[in-house]
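Data block below; observations after.
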There are 2 protein chains.
Amino acid sequence: MHFLNLSERQQGILRFIVEFMHLHHYAPTIRQIGETVAISSTSVVKYNLNKLQEYGLILRERDISRGLSVNWEQLQQSGYPYELNGESVRGRQREERLPEADVERLRVPLLGKIAAGTPIAVTPSEVYDPEGWIELAAGMVAGPADKLFALRVQGDSMIDASVLDGDIVILRHQETAYDGDMVAAWIEGDEETTLKYFHRDGASVRLVPANPNPVYQPIVRAAEQVRINGKVVSVIRLLR
Amino acid sequence: MHFLNLSERQQGILRFIVEFMHLHHYAPTIRQIGETVAISSTSVVKYNLNKLQEYGLILRERDISRGLSVNWEQLQQSGYPYELNGESVRGRQREERLPEADVERLRVPLLGKIAAGTPIAVTPSEVYDPEGWIELAAGMVAGPADKLFALRVQGDSMIDASVLDGDIVILRHQETAYDGDMVAAWIEGDEETTLKYFHRDGASVRLVPANPNPVYQPIVRAAEQVRINGKVVSVIRLLR
DNA sequence: TCATAACACGAACATTTGTGCGATGTCAAC
DNA sequence: GTTGACATCGCACAAATGTTCGTGTTATGA
């Protein structure tokens, strides 16, 4: 979706968000957006925000105050006129990545384990003690080196994804996915975490194992039952 | 204020905030912080957050949900440990690290494809004509970083090793193996290349698939029939 | 022209989330 | 032992903030 094909309001909203996030270091609320873009109803803002999210330009997390972020890469590709904001989108991106100044080497936090029977704790509830960091060459992940984290696979339950006990899975944190993405998802009802290829079938979701052997079957669940934890960008197996 | 001079709780809080913001693109709430750092009272979190703000490490805006941001510059100067097991990484230490770059990053030649039906022909001379190079962090391979080469898997024939089409296998060139090593081997008679765990049974060799699913069975062959091409040290899968 | 989808409105609502404050615990200085 | 700074705890509270829903309004196309 090209920037200029957005509705006027959506352009305004996007511009404001970019500007706001540049000024503060957090996102605006829908009310703040509404005020500056002259939208009286919060629901209208939400409506347009949803559109922007559909276009992949922003990312929003449900029920989270200011849980709004900009997909900078997508924004650039949309032909966003970032000169208008005084500073470039690139500048902003650099700022975001300050913690990883080294472009060629990535440091990805190893946040815990992933196993079939237990949900991934994106926000671990125990005493905070990350297990460490994984060093990667930048080429080891496709796409932006952003929102990445690593999990160690525990048990052979993900073998249908050709992922073995002890493997390390590199994920990009996101709660939505596109068809063909391999995702880590928690399936409510089944109460299990799984690694599968994601396909949307209307209101339901089809999760297809990577291993084409027919002993491993796709599963289909209602979309609401499937909670995506992240997109798998890489799997690494270290043999002794 | 140096990072290590912070109270344990403050260190935990700071660490959590940094990682949280790395994953999401917004700040955590004081409650989320409290849960992960095992602080039961929101006011205690606030108290420590105030401290961190006094030290200039974070910035907070009153009454704003998640209106919390990190002062990255200050953080770096505080000696924040991006590597938890090693010593802290400061901007100044960069130059010292540069000479070590060769040690920390590996370039492994990509020598071709590996498929079930064709033997791997790796002669030392071919090393000089690779299809490309794979950049790895040193931690991606165990053991010495010599005699390494990479092959791209073609086809689903190695699925019994939980290795998929397109995966990259990092091998160390060697013609013998110890029990328990995963090897790439050409089996004469069967005329095929396979990736399996190597076990010696007297005069014969037992090759065990990594996938324990009984549809994949070990094979036993006379030792002379099994030509080892190398030991698998790593398997890497890149998803788009 | 009519149906339909896309867009907009506003108010009610439910949560999420930060703040305030009195009470308690700890520890070193006097 | 008393004092006081510092750190902690619970909990009540109010403000901040996203969502839902019934109802208009405006395009779009057959």
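Below, read A as the first sequence line, B as the second, and so on, with proteins coming before strands; counting in each chain starts at 1. Predicted model only: the values in this text are computed from it and were never measured.
- Partner of A/Trp186 under the side chain to side chain contact (heavy atoms under 4.5 Å, CB included) criterion, out of A/Val226, A/Asn229, A/Thr194, A/Ile228: A/Asn229 alone.
- Between A/Asn48 and C/dA6 there is no side-chain polar atom (N or O) within less than 4.0 angstrom of OP1 or OP2.
- A sub-4.0 Å separation between OP1 or OP2 of C/dA6 and a side-chain N or O of A/Arg9 is absent.
- Residues A/Val205 and A/Arg221 are not in side-chain contact: their nearest non-hydrogen atoms beyond the backbone lie 4.5 Å or more apart.
- Contact of the A/Ile159 side chain with the A/Asn211 side chain is not registered, since no non-hydrogen atoms from C-beta on lie closer than 4.5 Å.
- The ring pair (Phe, Tyr, Trp, His ring centres under 6.0 Å) check on A/Phe16 picks up A/Phe20, with sequence neighbours excluded.
- Rounded to an integer number of Å, the gap from CG of A/Asn50 to C1' of D/dT19 is 10 Å.
- One atom, OH of B/Tyr26, and another, P of C/dT17, lie 9 Å apart when rounded to the nearest Å.
- Between B/Ile30 atom CD1 and D/dT8 atom C1' the separation is 14 Å, expressed in whole Å.
- Nucleotide C/dA8 holds its P atom 10 Å from the NZ atom of A/Lys51, rounded to whole Å.
- Going from atom OH of B/Tyr47 over to atom P of C/dG25 covers 17 Å, rounded to whole Å.
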Identify every side-chain donor-acceptor pair in residues 45-55 of chain B under 3.5 Å, counting partners at least two apart or on other chains, and give the distances.
unit_1, atom_1, unit_2, atom_2, d
B/Asn48, OD1, B/Gln10, NE2, 3.0
B/Asn48, ND2, B/Val44, O, 2.9
B/Gln53, NE2, B/Arg60, O, 3.3

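- The CD-P distance, from A/Glu35 to D/dA16, rounds to 11 Å in whole Å.
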Mind listing the N/O atom pairs, protein and nucleotides 11-14 of chain D, below 3.5 Å?
unit_1, atom_1, unit_2, atom_2, d
D/dC11, N4, B/Thr42, OG1, 3.1

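- Two residues are said to be in side-chain contact when any heavy atoms from C-beta on lie closer than 4.5 Å; A/Ile58 and A/Leu68 meet this criterion.
- Put simply, CD1 on B/Ile33 is 8 Å from P on C/dG18, counting in whole angstrom units.
- Across all strands, A/Lys46 comes closer than 4.0 Å to base atoms (heavy-atom distances).
- Taking A/Ser78 as the reference, A/Phe3, A/Leu57, A/Leu75, A/Tyr80 meet the side chain to side chain contact (heavy atoms under 4.5 Å, CB included) condition, with sequence neighbours excluded.
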Residues 231-238 of chain A side chain polar contacts: donor-acceptor under 3.5 Å, at least two apart:
unit_1, atom_1, unit_2, atom_2, d
A/Lys231, NZ, B/Arg240, O, 3.0
A/Ser234, OG, A/Met140, O, 3.4
A/Ser234, OG, B/Arg237, O, 3.1
A/Arg237, NE, A/Asp167, OD1, 3.1
A/Arg237, NE, A/Asp167, OD2, 3.1
A/Arg237, NH1, B/Ala161, O, 3.3
A/Arg237, NH1, B/Ser162, O, 3.1
A/Arg237, NH2, A/Ser162, O, 3.2
A/Arg237, NH2, A/Asp167, OD2, 3.1
A/Arg237, NH2, B/Ser162, O, 3.0

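- Side chains of A/Lys196 and A/Asp160 form a contact here, defined as non-hydrogen atoms less than 4.5 Å apart.
- If you measure from atom CD1 of B/Ile13 to atom P of D/dA7, you get 12 Å, rounded to the nearest angstrom.
- At a non-hydrogen distance threshold of 4.0 Å, B/Arg60, B/Arg62, B/Asp63, B/Ile64, B/Ser65, B/Arg66 from residues 55-68 of chain B come into contact with DNA chain C.
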